[in-house]
Amino acid sequence: MSNRYYLTTPIYYVNDAPHIGHAYTTLACDVLARFKRLDGFIVKFLTGTDEHGQKVEKSAAAAGIDPKAFTDKVSQNFRDLAETMNFSHDDFVRTTEDRHKLAAQEIWKRLVERGEIYLDSYSGWYAVRDEAFYTEGELTTGPDGTKTAPSGAEVEWVEEPSYFFRLSAWQDRLEKFYEDHPDFILPKTRRNEVLSFVSGGLQDLSVSRTTFKWGVPVPGDDAHIMYVWLDALTNYITGVGFPEIETGEFAEFWPANLHMVGKDILRFHAVYWPAFLMAAGLEPPKRVFAHGWWTNEGEKISKSLGNVIDPLELVETFGLDQVRYFLLREVPFGNDGDFAHQAMINRMNGELANDYGNLAQRVLSMTAKNCDGAVPKPGSFTGADDALLNAAYGLIDTVREAMDVQAFHTALEAIWTVIRAANGYVDAQAPWKLAKEDQERMATVLYVLAETIRHLALLTQAYMPDASARILDQLAVPEDARTFEFLGANHALEPGTALPKPEGVFPRYQEPEKEA
RNA sequence: GGCGGAGUAGCUCAGUUGGUUAGAGCAGGGGAAUCAUAAUCCUCGUGUCGGGGGUUCGAAUCCCUCCUCCGCUACCA
């Protein structure tokens, strides 16, 4: 099943409003999913929402509705975001769905059967105000002996019965797994962190709670609900039909090729999750990629600062494909990045409107005017012609290699190298001059350019589906001839094919007039 | 404190089996062209490759040391 590709986003916690971070993670997956589909893979692209937990329970109570009705409502925000961003997920898992409860309870049973889970009691310093536990080292002890959390909240020692997962027993096997799969965690620097963490020793993990009800009941012990990550992480196998593993999607798609996550939740995916899976007798995923965070004009983003970036607003201001392009172009994927208004405009105008859009526009306009609005008929190719065409033909290898390690920015750089070369070729060949002096040569030049642009547009489809489709429309490339098997000279544009009237695809951004 | 990563042109970065004059994009200066979304193309850098020391015929690239910045150092989704 080597032509299957299964990738996932984290499931997003419904208590949060969708922000640029959510959009970014899913966008990266979407581009990869689209790329793999174009490249001949049968893709399963999963996203979803995490709808359990105490905070949700409380938020629902505060809103005066039951938790299910509450999550139905807020979960919709994430589906709306996906719609707006043109995300192409194949499935959307909600942890409140029956299929997920079934999967979560089944993995639990497997773990119990294998002796990986035991009942004990969980104790620790708990701050009621923060709804969080703190470790001894995080606390400050006052003169009267009272302990306080870093937030200043008073903490108390609490104990409750809890089931534990024997994570401590998995250190060696995890280390072996990392060693055998050096690309399991990317980027490399994140891998180092995980290795360092694991080599420091692992403690057993509390995997159930009794203090609230909104979650998946522990099989055979309704007093407990499954806690946090065991519930949430299991969504990745819910999505492929677990517990049915012999047939169907699980057999077809598991282990997942990629879990895309933000760097803050790497540990859960790179340590706990493979341990859970191996302990349950299932294969761990092939890769976890931890990407970075965005800042806003150099400032850390936080609710309290009020500088949260709303992806819907960005799309409204700059356009969907422009935003998709910027997010994956501005930053080496994996690094933190800064969203700056001016940087967005520079990319949008400089690279999309000027470099790419204008290349298509100038070529298509000349073709429309000088070639009867049809694909020109080329003569024999010169060295310059072949050089440009070969650059376009060779692009897929570079891009594919980059995509396979989630180097989205590298792929775009490679594509833009050819775009710049194409603009240089236009100036060097000066087809507007040839129009008066040598119509045949002009036809060849415009043909070479059209064919180059066809390749560029095919390759940018994953990033900018709508804009790329419009360029391909203008080249009269049939919709069923837009996958990567149509790259190359064998599927070159047919001379004489009628072309529609060209129109701009990437408008320049104009600052709105400021009121005096 | 421990472990790890980073410090290369004004900005963002590329550059490891050590080897000719260290690269790209953007910004800035100059020029060309006028097909095109006033878009494009060409051209211009005396950069201590963080400092110091060492290995080597030769180091941004290896070793030592120092400085600065950042990440991780468990149960928060």
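Just so we're on the same page: letters track the sequence lines, and every chain starts at 1. Source: prediction; values computed, not measured.
Put simply, CZ on A:Arg441 is 16 Å from C1' on B:C35, counting in whole angstrom units. Rounded to an integer number of Å, the gap from A:Asp264 CG to B:A74 P is 16 Å. Protein atom OH of A:Tyr325 is 13 Å distant from nucleotide atom P of B:G25, rounded to whole Å. Residue A:Asp204 contributes atom CG, which lies 11 Å from atom C1' of B:C75 at whole-angstrom precision. Taking atom CD on A:Gln474 and atom P on B:U37, their separation rounds to 12 Å, with Å as the unit. Rounded to whole Å, the distance from CZ on A:Arg347 to P on B:U37 is 24 Å. The distance from atom CG of A:Asp231 to atom C1' of B:A77 is 11 Å, rounded to the nearest whole Å. The CG-C1' distance, from A:Asp321 to B:U37, rounds to 17 Å in whole Å.
If you take atom P in B:U8 and the same atom in B:A14, they sit 10 Å apart, rounded to whole Å. Atom P of B:C66 sits at a distance of 12 Å from the matching atom of B:G1, rounded to the whole Å. Distance noted for atom P between B:A22 and B:G4: 33 Å (whole Å). Between B:A9 and B:C49, the distance separating the two P atoms is 10 Å to the nearest Å. Taking the P atoms as reference points, B:U21 lies 15 Å from B:U46, given to the whole Å. B:A39 and B:G52 have their P atoms separated by 45 Å, with the value rounded to a whole Å. Of the C1' atoms belonging to B:G54 and B:A59, the separation is 12 Å, rounded to the nearest Å. Nucleotides B:C64 and B:G23, compared at atom P, are 30 Å apart to the nearest Å.
Residues satisfying the side chain to side chain donor-acceptor pair (under 3.5 Å) criterion with A:Tyr227, sequence neighbours excluded, are A:Arg209. Qualifying side-chain contact (heavy atoms from CB on, under 4.5 Å) partners for A:Thr295, counting only residues two or more places apart in sequence or in other chains: A:Asp338. Remark: A:Phe212 pairs with no residue by the ring pair (Phe, Tyr, Trp, His ring centres under 6.0 Å) rule, at least two apart or across chains. Scored by the ring pair (Phe, Tyr, Trp, His ring centres under 6.0 Å) test, A:His22 finds A:Tyr12, A:His19, A:Phe78 as partners (sequence neighbours excluded). Judged as a side chain to side chain donor-acceptor pair (under 3.5 Å), and not counting sequence neighbours, A:Thr398 has no contacts. For A:Gln439, the side-chain contact (heavy atoms from CB on, under 4.5 Å) partners at least two apart in sequence or on another chain are A:Met442. With sequence neighbours excluded, the residues satisfying side-chain contact (heavy atoms from CB on, under 4.5 Å) with A:Lys263 are A:Arg190, A:Ala290, A:Trp293, A:Asp336.
Comparing A:Pro431 and A:Phe164, the nucleotide of RNA chain B nearest to each residue sits closer to the 5' end for A:Pro431. Nearest-nucleotide positions on RNA chain B for A:Leu205 and A:Thr189 put A:Thr189 closer to the 5' end.
A:Trp229 comes within 4.0 angstrom of a base, heavy atoms only. Among the protein residues, A:Leu359 comes within range of no part of the nucleic acid, since none of its heavy atoms lies under 4.0 Å from any strand. Here A:Val505 lies in heavy-atom contact (under 4.0 Å) with a base. If you check every strand for non-hydrogen atoms under 4.0 Å, A:Gly337 touches nothing. At a threshold of 4.0 angstrom between heavy atoms, the contacts of A:Tyr122 include nucleobase atoms, whether or not backbone atoms are also involved.
Using the Watson-Crick or G-U wobble rule with both distances under 3.5 Å, B:U12 pairs with B:A24. Under the Watson-Crick and G-U wobble criteria, each requiring two contacts below 3.5 Å, nucleotide B:U17 is left unpaired. The base-pairing partner of B:G7, taking Watson-Crick or G-U wobble contacts with both distances under 3.5 Å, is B:C67. A 3.5 Å limit on both hydrogen-bonding distances identifies B:U40 as the Watson-Crick or G-U partner of B:A32. The nucleotide B:C72 finds its pairing partner in B:G2, both defining distances of the Watson-Crick or G-U wobble pair being shorter than 3.5 Å.
Looking at the side chain of A:Gln361, the nearest of the listed nucleotides B:A36, B:U34, B:C75 is B:A36. Listed candidates were B:G5, B:C13, B:C75. Nearest to the side chain of A:Pro332 is B:C13. Distances from the side chain of A:Tyr272 to the nucleotides B:C75, B:C76, B:U37 place B:C75 closest. Nearest nucleotide to the A:Tyr227 side chain, out of B:A77, B:A33, B:A74: B:A77.
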Pull out every protein N or O sitting under 3.5 Å from an N or O of nucleotides 40-43 of chain B, one pair per line with the distance.
residue	atom	partner	partner atom	Å
B:U40	O2'	A:Arg362	NH1	3.1
B:U40	O2'	A:Asp427	OD1	2.7
B:U40	O2	A:Asp427	OD2	3.0
B:C41	O4'	A:Asp427	OD2	3.0

Distances for protein N or O near nucleotides 71-73 of chain B N or O, under 3.5 Å:
residue	atom	partner	partner atom	Å
B:G71	O2'	A:Arg190	NH1	3.0
B:G71	O2'	A:Glu193	OE1	3.4
B:G71	O2'	A:Glu193	OE2	2.3
B:C72	O4'	A:Glu193	OE1	3.4
B:U73	OP1	A:Arg267	NH2	2.1

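For the pair A:Lys369 and B:A36, the criterion of a side-chain N or O lying under 4.0 Å from OP1 or OP2 is met.
Other residues, nucleotides and ligands contribute only 12 or fewer heavy atoms inside 6.0 Å of the CD atom of A:Glu401. Around NZ of A:Lys300, the count of heavy atoms belonging to other residues, nucleotides or ligands within 6.0 Å does not exceed 12.
How far CG of A:Leu277 is from CZ of A:Phe177: 9.0 Å, rounded to the nearest 0.5 Å. One finds the CH2 atom of A:Trp432 at 10.5 Å from the CG atom of A:Leu446 (value rounded to the nearest 0.5 Å).
A donor-acceptor contact closer than 3.5 angstrom links the side chains of A:Asn346 and A:Gln342. Counting only N and O atoms by type, the side chains of A:Asp120 and A:Tyr163 include no donor and acceptor under 3.5 Å apart.
Within a heavy-atom distance below 4.0 Å of RNA chain B, no residue of residues 66-75 of chain A is found.
Sorted by first and then second residue, the ring-ring contact (aromatic ring centres under 6.0 Å, His included) pairs involving residues 356-375 of chain A (not counting sequence neighbours) are A:Tyr356-A:Trp416, A:Tyr356-A:Phe506. Note on residues 345-373 of chain A: pairs passing salt bridge (charged side-chain N to carboxylate O under 4.0 Å, His left out), not counting sequence neighbours, are A:Glu330-A:Arg347, A:Arg347-A:Glu351, A:Arg362-A:Asp427.
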